[in-house]
Amino acid sequence: MTLDAVAARPTVGGPIRLAIVGGGPSCTYVLDRLAATAGAAPGPVPLEIHVFDRAGQFGAGQVHSPDQPVTSFLNRIVGQVAFAADESVAGAGPLLDPAQRPTLLEWCRERFEQTGDPAFDLRAEDWPKRYVHGLALTDQFERYVRLLREIPGTSVHLHQTEVVDLVEETEHGRLTILAPEGPALTADHVLMLTGHSSNDPLGYPLQAQWAKFADAHEARFVPSAYPLEESIDAGQALPGQSVGCLGMGLTAIDIILHLTEGRGGVYEPGDEGRLTYRPSGREPASIVVFSRAGLFTFARPFNAKEQDLERFEHRGRYLTEPAVDRLRASAGQPVRIGADTRRQLDFRTHLLPLVVLEMAQLYYTTLFGPGFAAALERRVRPEYEAFLADGGAGASGDGSTRRLLAPLEAAVDEACARIDTVLGFMPASPATRGTPEDWDLDEVVDRFLLVVHGPDGAAAVRAALSDLAGPARVLRTLASPWRHPSAASANRFSWERTLEPIPPGSYASGEEYRTALLDFFDVDHRWAAQDNLTNPAKAAADGVWRDLRDVLGHAVDFGGLTAASHRDFLDVYMRHHNRLCNGAALEVMEKIRAAVECGLVDVTVGPLARVECDEQTGLFRVDGPLTGVSAQLDLLVDSRVHTFDAARDVRALYPNLLRRGLVRKWSNPGAGQPDFEPGGLDLTEDFHPVRADGAADHRVTLLGPPSEGVMFFQLGALRPNQNHHVMQDILRWLRGFWPTVDQCAALTTSTRSMT
Ligand SMILES: Cc1cc2nc3c(=O)[nH]c(=O)nc-3n(C[C@H](O)[C@H](O)[C@H](O)COP(=O)(O)OP(=O)(O)OC[C@H]3O[C@@H](n4cnc5c(N)ncnc54)[C@H](O)[C@@H]3O)c2cc1C
């Protein structure tokens with residue numbers, strides 16, 4: 001397409017033209033805000049909205065497509081999904097009538113009543129299928145489009161086509177949207193909601209090697225797993241073949257379900273109430289899964305916070321935004337970023353100690369109760385304040401963590417000794433005689449017994465406490481339903497064990513690793529079932545890594561970390577984040593356990609596995625250095641979601657924009673170290689791109705993955721009742737956009753009155 005072919009812009013005084021590139025969930029949320037705010041305007045709103053979606057999946061987008069395999073789950077409970085701003089959203093402006101903005105829960109209930117289809121018979125705490133979310137998104141999108149079309153002066157046009165470029169229109173300073181299959185039109189504002197994409201494997205040395213090997217041999221390489229139904233269709237991964245999944249997160253889980261249930265196999269309750277897998281015979285012979293850690297993402301706990309988010313979501317005691325600011329002041333390294341000077345921190349040295357301290361505090365708050373937690377905090381605070389003031393005084397991350405944890409560990413040593421004395425695990429000593437100074441021993445023992453044994457077990461132990469030999473006798477025969485040890489001293493928090501629940505050296509073969517992983521599944525699944533308010537480990541992971549994500553964003557975003565530390569954070573700590581708090585539902589992980597137990601999913605290569613191109617067989621081979629296991633793979637799937645990388649995106653749009661200088665990559669300048677370019681774009685705080693010449697372009701706004709890099713964790717579906725950041729980002733765009741339409745409205749009115 002040439003510029004000559006571009007349609008002329010509408011006459012001045014015509015409606016404002018908004019082009020939205022990407023018709024997925026973010027677009028649905030945007031249309032809610034446009035419909036509600038334009039609908040509340042007193043007069044006509046001269047607005048022309050054009051939505052472009054390459055797959056024509058308006059509302060759902062490709063990730064949440066209603067047409068995807070029914071085996072994939074949404075990684076959110078039903079009660080945590082919305083499609084519109086609600087009363088909790090600060091500065092939302094007018095809201096739609098509640099009947100026009102059902103949450104996913106309300107939408108499912110209504111759909112169930114209409115159809116009786118059990119797929120929609122969901123409660124707030126259930127995990128929906130992703131296609132169900134897609135159906136609801138599509139419905140809501142259509143509803144918002146209808147509402148917008150009813151507003152005088154406003155029109156909505158949908159284009160199923162891929163936008164490949166934006167071109168500056170020199171005469172009026174507008175942007176022309178180039179889409180080979182669609183109309184060429186100029187727009188006053190372009191909102192880019194392009195979501196997830198894939199990167200060209202040839203841009204990465206290992207992936208390029210695998211792609212070239214697959215081209216020349218029988219082996220097949222799938223560089224990007226989505227859409228699943230296209231990347232691994234019914235003609236691939238055939239019976240007798242072996243599929244390798246590089247990555248053991250949500251993508252690998254989707255693939256396993258796609259190749260098992262999706263091939264007609266059935267997960268069904270077995271003898272012990274646990275799921276077993278009954279194959280259909282259409283599955284591949286094995287699905288070999290491997291990753292650096294050799295662990296699946298941990299099971300998401302039952303979400304007990306949902307009953308009262310305001311009350312139960314964790315608020316940081318130590319890991320807080322003011323604490324991050326104080327560390328910046330005391331220990332930040334000044335670095336020039338654009339026109340500003342930023343005092344950058346090192347994640348391991350300055351922030352990880354706060355993360356681990358916060359987790360430990362929350363762990364013991366859960367295990368011993370709030371009275372003990374308050375006493376613990378009093379003990380910890382002086383060293384914590386000193387740490388914020390001296391910024392760790394040049395110590396290493398491990399040293400800083402040990403320093404911050406020392407007062408906590410001492411207080412917990414004392415508590416454990418006292419509890420274990422009461423329970424008969426330790427003889428009384430001078431240290432455990434008398435009553436603790438600032439906490440109530442009875443209260444702590446009660447809470448400990450409740451967490452470890454549940455109400456009935458706790459009552460049995462309590463009843464035996466009056467008899468000196470009693471508790472130990474009861475405890476000898478009482479197993480914790482969640483496999484917690486009975487002695488308090490055996491229930492200590494450990495960051496290292498949290499990360500490495502199967503220590504290297506505890507297994508010497510693939511079979512031993514498999515047994516250890518199945519045992520870990522057992523513990524992890526029991527802990528998940530115990531819930532995120534009662535299980536100490538799940539409470540700590542969920543409360544810190546999920547509930548305090550905004551604080552992490554405050555620390556990391558816009559060059560908050562040094563270049564080297566930022567690279568380290570994304571490479572190492574994002575993996576920990578994903579494993580600890582962003583895994584799949586327990587019911588999904590029970591299926592994965594069943595697939596491992598039946599031998600179809602092979603975990604025996606273990607951690608640190610490496611893929612080799614085996615010239616002799618023409619197949620890939622994966623070698624596990626810690627287990628000694630090697631496996632041949634007919635099909636290798638890179639089962640990791642690709643991070644946004646503007647230069648290497650397989651689609652034309654971002655490479656073209658980079659070439660034109662309409663956008664540039666964001667770079668974290670390394671003072672004396674190499675710069676770090678995570679791949680995302682240089683954006684202002686209002687999400688406008690900074691062009692190659694350094695000027696911010698207010699005609700364009702980008703939300704979602706292109707901002708990953710300069711910001712941290714921008715992804716996710718909209719949540720209700722939470723003043724959710726996804727909606728706040730949209731409002732930031734809307735506040736900048738509406739004055740433009742107001743100006744346009746005034747112009748139109750004055751033009752009309754003159755004629
Ligand atoms: C595999 C996967 C699973 C996920 N699961 C969950 C989950 O369970 N829960 C959760 O909260 N979040 C999940 N996410 C995060 C996800 O980012 C959000 O849920 C949500 O999809 C974001 O919506 P979006 O509209 O910004 O982007 P997307 O959903 O990616 O939609 C963008 C749309 O834009 C289209 N598009 C892109 N480029 C162009 C172009 N140049 N021209 C025209 N159209 C274009 C795409 O085809 C797509 O339809 C998941 C992400 C992935 C990748």
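Quick note: residue numbers are just sequence positions, from 1. Counting convention: from 1, in listed order, for ligands and their atoms alike.
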Which residue and atom name correspond to the protein heavy atom nearest [atom], and how close is it?
atom                    : result
atom 8 (O) of ligand 1  : N75 N, 2.5 Å
atom 52 (C) of ligand 1 : V63 CG1, 3.7 Å
atom 35 (C) of ligand 1 : D53 OD1, 3.3 Å
atom 41 (N) of ligand 1 : V163 O, 2.9 Å
atom 37 (C) of ligand 1 : T194 O, 3.1 Å
atom 34 (O) of ligand 1 : G22 CA, 3.1 Å
atom 27 (O) of ligand 1 : G195 CA, 3.2 Å
atom 47 (O) of ligand 1 : R54 CG, 3.2 Å

Measure the shortest side-chain to side-chain distance between [X] and [Y] over non-hydrogen atoms and say whether it is less than 4.5 angstrom.
X    : Y    : result
R101 : L95  : yes
M711 : D557 : yes
V89  : Q728 : yes

Solution key, residues 65-72 side-chain donor-acceptor pairs under 3.5 Å, sequence neighbours excluded:
from: S65; atom 1: OG; to: Q57; atom 2: NE2; distance (Å): 2.8
from: S65; atom 1: OG; to: D67; atom 2: N; distance (Å): 2.9
from: Q68; atom 1: OE1; to: R130; atom 2: NE; distance (Å): 3.4
from: Q68; atom 1: NE2; to: V63; atom 2: O; distance (Å): 3.0
from: Q68; atom 1: NE2; to: S65; atom 2: O; distance (Å): 2.9

>> With side chain to side chain contact (heavy atoms under 4.5 Å, CB included) as the criterion, how do V190 and R699 come out once you've worked through the C-alpha distance, each side chain's angles and the decisive distance to 0.1 Å?
In response: CA-CA 6 Å; V190 182; R699 297 167 303 177; over 6 Å; no

Close-contact set for ligand 1 against [X] heavy atoms, below 4.0 Å:
X    : answer
L193 : 32 (C), 34 (O)
F52  : 43 (C), 44 (N)
Y226 : 1 (C)
R651 : 37 (C), 38 (N)
A717 : 10 (C), 11 (O), 12 (N), 19 (O)
S26  : 23 (O), 24 (P), 25 (O), 26 (O)
G24  : 25 (O), 31 (O), 33 (C)
L653 : 41 (N)

Hey, can you tell me if [X] and [Y] have their rings parallel, tilted or perpendicular (30° and 60° cut-offs)?
X    : Y    : answer
H50  : H157 : parallel
F737 : W733 : parallel
Y654 : F644 : perpendicular

> Is any side-chain N of the basic residue among R648 and D200 closer than 4.0 Å to the acidic one's carboxylate O?
Replying inline: no

> Between R109 and E106, is there a salt bridge with N-O shorter than 4.0 Å?
Replying inline: no

Could you tell me whether the side chains of [X] and [Y] share a donor-acceptor contact shorter than 3.5 Å?
X    : Y    : result
Y144 : D139 : no
E125 : N303 : no
D86  : S88  : yes

>> Is it the case that ligand 1 has an N or O less than 3.5 angstrom from some N or O of L74?
In response: no

> Do ligand 1 and E162 have nitrogen or oxygen atoms that lie under 3.5 Å from each other?
Replying inline: no

>> Can you check which of H64, Q62, R76 brings a heavy atom nearest to atom 6 (C) of ligand 1?
In response: H64

> Who's closest to atom 51 (C) of ligand 1 heavy-atom-wise, of H642, E708, H196?
Replying inline: H196

>> In this structure, does ligand 1 have an atom that sits under 4.0 Å from one of the heavy atoms of T161?
In response: yes

